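Whatever order the structure lists them in is the order used to number ligands and atoms, beginning at 1. Quick caveat: nothing in here was measured; it's all calculated off a predicted structure.
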Amino acid sequence: MKTERQYKNDILEVCKRIYAKGYVAANDGNVSVKLSDGTFLTTHTGRSKGFLTFDELVKVDGEGKAISKGKPSTEVGMHLGIYKDRKDVKAIVHAHPVFATAFAVARLSLENCTIPEIVTTLGAIPLARYSTPSTEEMANSISEHIKTSDALLLANHGVVCVGFDVFDAYYKLERVEHFAQISFYARMLGGEKLLTNREVGKLREIQGKYGVIGETKECVTCESSVKEKNDVSKALAKAIQDLC
Ligand SMILES: [Zn+2]
């Protein structure tokens, strides 16, 4: 088992990477880790993730109250809400990477089945409805999705990823941002071509080889997208008929 010092080292390493990659600006973003005694380590409020020190990692209890020196992240309530919903989660990373946040600001989810690595590791990446940061409302909007997804877009805000350790959560953040960037460029080139149900089915069969053991939310395949379009067309046709 890791010592508290090792957990702190891991958090600092991930914070430096988040800052170096431009996933946060200034003092944005927050990271936390669950310790074996049921307490948590979180980043200090109002500090740049690129320059954090050991003393700027704050230990909090299950209510978010500081039990060490310093002031915890203002988003500690959101983190604790996720830990309550997901007992398997041991670390959480929240940031505002540009492409994924652009999707979140445009209120677009990342649920299309297009890239095998995303289908097998994250599945669909849903969009949680907008809520004011640092409020209970925000914890509730996340709670609607976090039980079935390890990565979420937060409308008009950013991204939250969870993991079995802080590096796992960080790598998911990297994947989300990479996927958002590819999806953006694919749309500039005329739009993504979705995988078929059959192709996605084959990927699910080999999911274990990617080290994925849990469930992932099903993404949108080309068949389901055609079905959705047909459903919308049928509904529109009926509405027009009703009007006539
Ligand atoms: Zn934020």
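Within a radius of less than 2.8 Å around the Zn ion (ligand 1), the protein N, O or S atoms are His94 NE2, His96 NE2, His157 NE2.
In terms of the disulfide (SG to SG under 2.5 Å) criterion, residue partners of Cys113 (sequence neighbours excluded) are, by chain and number, Cys219. Under the side-chain contact (heavy atoms from CB on, under 4.5 Å) criterion, Lys21 pairs with Tyr23, Tyr170, Glu174, not counting sequence neighbours. With sequence neighbours left out, Ser109 forms a side-chain hydrogen bond (donor to acceptor under 3.5 Å, both in side chains) with Glu111.
Taking NE2 from His44 and CG from Leu57, the interatomic distance works out to 9.5 Å, rounded to the nearest 0.5 Å.
Within 6.0 Å of CD on Gln6 lie more than 12 heavy atoms contributed by other residues, nucleotides or ligands.
Between Tyr83 and Phe40, the ring planes are tilted. Angles from 30° to 60° get that label.
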